[in-house]
Amino acid sequence: MRTDESENDPVVAELPVYLAKTLLDKLYVLQYPVRPHSHTYDDDSILKTKIRPRSKNVEVDLGLRTRGTTYDKSKGEQIALNVDGAFRDKRDSEDNYYKSSVMDKLVLTSSNAVSDVSRYAVGVVGESGLHLTPVSAVLALRPSFSYLDQADKRSRHDRKDASDFDDSDEEEKAKRVTVRFEKPETERSRKAKEKSYGFLLRQIREEPWIEANYHKFGSERSEFEGNKLHCQYEREQIDQFSLGASEYLCQLVPPTEELETPEASLPSHLLSRSALAALPLQERVKAVMVNAGVASFGELLGVVCGSGSGSSSSSSSSSGVGGSGNSESDAGGTNAVLRSLQQVAVLVQGNWVVKSDLLYPRGGFAESGLPNDVLQRARDFLLYKFTQGQSVVRGEVCEAVGVSGGELREVLHGVAKYKGARATWEFLLPQDAAFNSKYPEVVQRQQMIWQSRIEQLGHSLKNQQVKPDDAARNNASNTSKKCRSPRIKTEVDEDTDEAMNREVAPAKQQKRAGRDAR
């Protein structure tokens, strides 16, 4: 079969390959996607060309034929008037976008057509062989409509000038100004900012344009530059080039990283069943809890202990975690999972929730700029509230922990769902009474942990009232303080006090006389 194929596709010629480096990092391939192949720009008037070498941007100004039959002069005059304004004749022509009174040019702007050009080269076949020059960029040139933005900007500016002139006689009123303080920029936020579209666009716009000269195809300078596509040192031999056929092919077309990545369909933060089973039990439980956030014990056993035990565990989670007929090995595995689970999670209404310090490590900052320590305390206080009831009111928690509603909403989405009434949030899973009845010692230990944690939070959270008795005492003390508050007396009050003193004085004298008689 291979013999037949070689006979049908004979070798016509063998050419030596040369690598030309004269135009290295300077060769751009320009494409015109909206222009037919038969209608090129060779005969058009090129007014100006500009380039940004670092960002690899090209801009070309094409002159339009304003006297042709296909040009609408009235539309061209209207566009020039909208862009340059009514007073364009009073300004210098260099300051106007259009030099004449009509739309006399079209701007072509470039965009990257190929993101990775490391495998592309321009080849020229000559008498001596094939000459290859690596490509720096492949750009697609399309018409730019930035003049419409300038026309809109000019219109807004004219309207603003007119309104300022009308309001110049009126006295300027005081306006309220909102002062905002920027949050400290972390290393993570700085790297995310550098990858953002706005940051990259600002870097491109800050690079200055460099004007270039345009030479038509077939001109003397064009032929001179075209000769640079040929290798200038054809007789030079490369002795170090001693690669085999397979190595040369690998260097010419290297394998892509996507082909080498196993299980590319899975997101980067997820693990496959085989990868999860290869981890130790402690790490396996931690990985599952960090990804799940909230899980019942039956669901956790189904994932950690494999599909075989998972079906029985998860199916029996509603009527008690695991059946009563489990073997000793199954009981030992369950106890091991339970011991590992208590190191990475806390118990809330019979379900397990990943600890806050795993989600918000100490010393770090959230994307909002809030320290992780504050988010830890807020999340622990929220989970403690869920141990006391099935739902919480977001406003009350915000007031207790001292964080804004938006920052608390991020914490709530991982452990609760929105109920809709008075900003009430309900715990994500229903209470697992079967686990509480089957493992009372675990429940008691978790209650002690929560009691110790809430006592720590009581010293650090602002305006936090953990015990109702303390709240009652505080209210009583505040009421007594209000009763002892000083009072500003008026003239009427002073007269009333004098009359009361005159009435009280005889009564005191009578009591004193009675004591003397006794």
Side-chain angles (χ1 to χ4, degrees), residues 20-65 70 75-76 79-80 82-84 96-99 103-124 132-154 191-217 222 225-226 228-229 253-254 256-258:
K21 297 183 178 181
T22 308
L23 297 179
L24 189 65
D25 298 332
K26 300 177 183 178
L27 184 59
Y28 290 12
V29 176
L30 304 182
Q31 300 177 349
Y32 305 93
V34 297
R35 192 80 166 183
H37 183 268
S38 59
H39 193 189
T40 63
Y41 291 111
D42 295 338
D43 298 332
D44 292 347
S45 175
I46 307 298
L47 303 178
K48 185 170 59 175
T49 55
K50 298 183 294 184
I51 185 174
R52 282 173 172 159
R54 184 160 51 87
S55 57
K56 293 182 173 56
N57 282 350
V58 174
E59 193 171 281
V60 180
D61 291 359
L62 296 175
L64 297 179
R65 299 175 182 177
T70 58
K75 289 290 185 182
I79 291 176
N82 294 338
V83 173
D84 294 329
N96 294 326
Y97 188 78
Y98 298 114
K99 306 306 178 184
M103 179 181 178
D104 55 5
K105 71 175 181 179
L106 181 66
V107 180
L108 300 179
T109 57
S110 65
S111 60
N112 286 327
V114 179
S115 58
D116 185 13
V117 295
S118 59
R119 301 184 183 182
Y120 292 88
V122 173
V124 179
L132 298 178
T133 303
V135 174
S136 298
V138 180
L139 305 178
L141 291 176
R142 296 181 176 88
S144 173
F145 301 97
S146 59
Y147 61 88
L148 297 177
D149 298 333
Q150 294 191 13
D152 186 53
K153 182 179 180 181
R154 172 75 62 180
K191 291 182 179 180
K193 182 181 178 181
E194 292 177 355
K195 295 180 181 179
S196 64
Y197 174 75
F199 181 82
L200 298 177
L201 186 62
R202 185 168 63 254
Q203 277 192 328
I204 292 174
R205 291 177 177 176
E206 288 176 355
E207 183 182 1
W209 286 104
I210 299 176
E211 293 193 7
N213 297 325
Y214 173 77
H215 300 276
K216 288 189 176 181
F217 177 75
S222 176
E225 295 293 333
K228 295 181 180 180
L229 295 174
V253 185
T256 58
E257 296 180 359
E258 290 78 8

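Basis for what follows: all heavy atoms, side chains included, without hydrogens, waters or symmetry-related copies. Keep in mind that what you see is a predicted model, and the values were worked out from it rather than measured.
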Worksheet item: Hey, is the main chain of Ala212 close enough, under 3.5 Å, to the side chain of Thr49 for a donor-acceptor pair?
Response: yes
Rounded to the nearest 0.5 Å, the CD atom of Glu59 sits from the CG atom of Leu141 at a distance of 10.0 Å
| message | Applying side-chain contact (heavy atoms from CB on, under 4.5 Å) to Asn57 and Trp209, what does each step give before you reach the verdict? | response | CA-CA 9 Å; Asn57 282 350; Trp209 286 104; 4.1 Å; yes
Would you say Val107 and Tyr97 make side-chain contact, with heavy atoms under 4.5 Å? yes
Which of Leu24, Asp25, Leu23 passes side-chain contact (heavy atoms from CB on, under 4.5 Å) with Ser136? It is Asp25
All heavy atoms of Pro33 vs all of Arg142, minimum pair found to be CG-NH2, 3.7 Å
Nearest heavy-atom contact between Val135 and Val138 is CG1-CG2, 4.0 Å
Q) Should Ile79 and Tyr98 count as side-chain neighbours, where that means a heavy-atom distance under 4.5 Å? A) yes
Next on the checklist: Just so I know, are the side chains of Pro143 and Leu108 near enough to count as touching, which here means a heavy-atom distance under 4.5 Å?
Outcome noted: yes
Apply side-chain contact (heavy atoms from CB on, under 4.5 Å) to the pair Asp44 and Arg65, showing each step before the final yes or no.
CA-CA 9 Å; Asp44 292 347; Arg65 299 175 182 177; 4.2 Å; yes
Practice task
Find out whether Leu47 and Ser45 are in side-chain contact, i.e. whether some heavy atom of one side chain is under 4.5 Å from a heavy atom of the other.
Solution key: yes
Tell me, with the steps shown, if Leu62 and Ile46 meet side-chain contact (heavy atoms from CB on, under 4.5 Å). CA-CA 5 Å; Leu62 296 175; Ile46 307 298; 3.0 Å; yes
Between Glu207 and Arg54, the two heavy atoms sitting closest are OE2-N, 2.8 Å
Distance col, row Gln31:CD vs Ser111:OG, nearest 0.5 angstrom, shows 9.5 Å
Practice item. Under the side-chain contact (heavy atoms from CB on, under 4.5 Å) rule, what do Tyr214 and Val60 come out as? Steps first, then yes or no, please. Key: CA-CA 9 Å; Tyr214 173 77; Val60 180; over 6 Å; no
- Task: Flag the pair Leu139 / Asn112 as yes when at least one side-chain heavy-atom distance between them is below 4.5 Å, and no otherwise.
- Result: yes
